[in-house]
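What follows is a set of notes on a single structure, which appears directly below.
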Number of protein chains: 2
Amino acid sequence: MIKPRSRRGGGRPTISDVARKAGVGAITVSRALREPERVSLDLRRQIQAAIDELGYVPDPNARALASARAEVFGVLVPSLTNNVFAEVVRGIYDSLSDSPFRIQLGNTHYSGLEEERLLQLFGSQRPAALIVAGIDQTPTSRKLLENAGCPVVQVMETGPDPVDMMVGFSHLDGGRTATDHLIEVGYRRIAFIGARMDPRSQRRLAGYRAAMEKAGLFDPRLITTTPLLSSVPLGRELFRDALAKMPTLDGVFCNNDDIALGVLFECHRAAIDVPKTIGIVGFNDLDMMQVAYPSITSIRTYRYEIGRRAVAMALAAIAGDRPQVRVVDLGFELKRRESTAR
Amino acid sequence: MIKPRSRRGGGRPTISDVARKAGVGAITVSRALREPERVSLDLRRQIQAAIDELGYVPDPNARALASARAEVFGVLVPSLTNNVFAEVVRGIYDSLSDSPFRIQLGNTHYSGLEEERLLQLFGSQRPAALIVAGIDQTPTSRKLLENAGCPVVQVMETGPDPVDMMVGFSHLDGGRTATDHLIEVGYRRIAFIGARMDPRSQRRLAGYRAAMEKAGLFDPRLITTTPLLSSVPLGRELFRDALAKMPTLDGVFCNNDDIALGVLFECHRAAIDVPKTIGIVGFNDLDMMQVAYPSITSIRTYRYEIGRRAVAMALAAIAGDRPQVRVVDLGFELKRRESTAR
DNA sequence: CGGGAAAATGGTAGCGCTACCATATCGTTG
DNA sequence: CAACGATATGGTAGCGCTACCATTTTCCCG
């Protein structure tokens with residue numbers, strides 16, 4: 001006699017328990033859950049009653065195995081604590097909270113290798129969609145994305161040649177706009193201060209450089225960067241370095257708002273007048289920028305919206321109507337504030 | 001004749017492909033992957049070669065289904081953008097990055113109902129462990145946690161009666177310590193300003209109240225709170241409200257550092273001298289506190305370490321040696337800075 | 001060098017679900 | 001009212017893996 005393997009799962013009800021209780025076939029329960037319109041109202045009610053009574057919850061693993069498709073969005077970001085990515089992730093979560101999709105979040109730590117490893121891992125789950133930050137994947141990563149067999153959205157940046165879809169904005173233009181603003185308002189010896197020089201930061205720097213060169217103001221000694229992770233204290237340090245290197249500087253375009261805040265604090269401490277002596281521009285426009293004293297000019301970016309849009313596009317692609325426009329540029333906005341009000 | 005269902009998975013190699021290529025049984029491949037010491041070195045090498053050649057990656061869904069246990073840590077936090085939780089999550093990710101465990105992250109939005117829903121969902125995956133923020137679960141959530149059949153770690157706070165294990169610190173003591181410090185330094189009309197009054201904030205407030213009452217300084221009009229989500233701009237608003245209500249206040253204990261920063265900026269703007277006219281204490285000690293001008297006194301908490309410790313404890317429990325001490329208090333530290341240097 | 005235990009390997013039967021196909025039921029129409 | 005397509009339901013097999021047990025091989029020791 002065959003001894004059935006004792007319920008390994010600890011006796012949680014299965015779909016056949018529900019089916020038995022409702023007096024229908026297991027398949028009908030499955031259908032009632034996934035395509036209710038194909039099951040008569042009567043049975044649907046009966047089945048729902050059985051589900052409620054038993055406290056049945058479908059096993060996503062069994063479901064994924066049987067259907068060769070997991071209801072999972074894989075999301076890859078380079079940092080979890082950087083507010084910018086946290087906002088994107090929040091947008092993704094909020095957009096998916098009412099859907100059956102779960103989220104598998106990976107932290108690449110700005111490492112291409114780590115990204116490849118995670119992509120490999122995520123791919124093994126046959127996710128419904130993949131959302132990855134950035135457009136500078138390694139060739140290996142790119143191949144993994146192309147062969148993922150699901151919609152892929154690259155976020156944060158736009159660029160040519162998307163793997164599939166893209167939502168973001170031009171960091172180069174952002175950097176240029178910020179720098180142009182400083183020039184326009186009258187600053188001349190404008191420094192660039194940046195930490196964690198990832199590809200997006202590099203492009204902001206390129207935008208800065210383009211603007212400076214165009215105005216005939218470029219000087220490589222105005223640039224201070226570090227590979228260290230960005231933070232407010234680091235912003236302060238870098239600003240002091242920049243000032244030591246170039247005591248006559250009269251403006252700063254910061255890689256991001258953390259750095260800008262560090263610069264502002266150091267100006268306070270050193271009794272440097274902002275905006276009279278030095279003008280400051282940040283990047284991303286965290287909400288604290290507008291209440292800082294003086295309030296800090298920054299490039300507003302739409303991180304939360306990027307997350308939402310990425311999900312919307314992926315969902316559309318899953319549903320079969322792949323969007324016509326595959327690269328969405330959400331733009332940015334220069335917020336002029338007191339820190340450059342000269 | 002039986003027509004085998006054509007590879008639904010899109011032809012990715014399976015464990016039997018590897019077994020065939022290596023000339024062994026499928027079980028042996030499985031074993032080589034999970035308990036290598038039980039397979040001879042020879043076969044292990046052969047199998048590894050086959051795996052590399054085919055690019056085989058095990059299917060976690062099949063694995064979870066067969067073993068009734070997913071290699072997943074379920075993590076539930078109330079917010080993704082709040083730096084405090086982001087740090088905890090980062091600690092968790094870092095501790096798990098070299099393990100076979102994946103992470104399923106849920107955002108409860110500070111809602112008990114949402115927490116129940118997510119717990120239900122996560123439970124259906126038979127996770128290897130659950131890490132949840134806070135100790136004030138609803139009765140339903142608590143039951144779900146107790147029946148999860150896996151190690152459970154409640155983080156951020158300590159308290160009596162853990163579901164299983166706990167890592168955190170006493171917010172009540174933290175609030176008291178912060179307030180005591182203000183009193184000790186000479187402030188008298190000390191306000192409490194708090195946003196998003198979740199249970200932890202409530203306990204900090206209770207600590208504040210205890211300290212104030214003990215010193216005979218308590219006055220309910222000194223308290224200003226709001227259910228709104230915390231932010232720097234909101235800190236500024238609340239401080240203005242508090243000041244309008246109680247123009248003579250000379251100190252502020254802020255619910256958290258965002259609020260404290262908002263207060264500091266408003267003081268700058270209103271030309272209120274810090275620390276002479278007003279003293280400020282924050283909570284959590286974000287790294288920007290020490291570079292702010294003036295630097296802000298705060299209660300240092302060990303968020304990253306909480307994440308790491310939670311994982312360590314869960315991992316130990318999974319491995320079978322459940323820690324003797326089930327409630328770990330990581331404490332906190334008062335960082336005295338310029339904002340209260342009177 | 002035989003016997004027994006330990007180590008190494010394999011076979012079978014599911015885990016809980018869904019794809020695929022078969023069957024039953026119903027209403028419609030010439 | 002037979003014939004037919006549409007609708008509703010069910011049965012079977014299998015997704016890729018591992019638990020459980022059986023079998024084979026190796027090693028040790030008296």
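Letters A, B, ... mirror the listed sequences (proteins, then strands); counts begin at 1. Heavy-atom basis, side chains included; hydrogens, waters and symmetry copies ignored. This is a predicted model, so every value here is computed, not measured.
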So if I take every side-chain heavy atom of [X] and compare against [options], which nucleotide ends up nearest?
X	options	value
B:Arg126	C:dC17, D:dT9, C:dG16	C:dG16
A:Asp59	C:dA19, D:dG10, C:dG16	C:dG16
A:Leu65	C:dT9, D:dC15, C:dC17	D:dC15

Are any of [X]'s side-chain N or O atoms less than 4.0 Å away from OP1 or OP2 of [N]?
X	N	value
B:Ser30	D:dT18	yes
A:Thr28	D:dG10	yes
B:Arg31	D:dC20	no
B:Arg63	D:dT18	yes
B:Arg38	D:dT18	no
A:Ser67	C:dA19	no

Under the salt bridge (Lys or Arg N to Asp or Glu O under 4.0 Å) criterion, do A:Glu114 and A:Arg117 qualify, and how do the steps go? CA-CA 5 Å; A:Glu114 186 63 9; A:Arg117 197 184 69 82; 3.1 Å; yes
Between the side chains of [X] and [Y], is a donor N or O closer than 3.5 angstrom to an acceptor N or O?
X	Y	result
B:Asp52	B:Gln48	yes
B:Thr14	B:Ser16	yes
A:Ser67	A:Arg63	no

Calculate the interatomic distance between [X] atom [atom1] and [N] atom [atom2]; express it in whole Å.
X	N	atom1	atom2	answer
B:Glu35	D:dT18	CD	P	10 Å
B:Ile27	D:dC17	CD1	P	11 Å
A:Leu43	C:dA24	CG	C1'	14 Å
A:Ile15	C:dC15	CD1	P	14 Å
A:Arg20	C:dG16	CZ	P	12 Å

Supply the atom-to-atom distance A:Glu71 CD to A:Ile103 CD1, rounded to the nearest 0.5 angstrom.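 It is 13.0 Å, given to the nearest 0.5 Å.
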Between the base of C:dG16 and the side chain of A:Arg12, is one N or O donor paired with an acceptor at under 3.5 angstrom?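 Counting by modelled atom types and ignoring angles, no donor-acceptor contact under 3.5 Å is found here.
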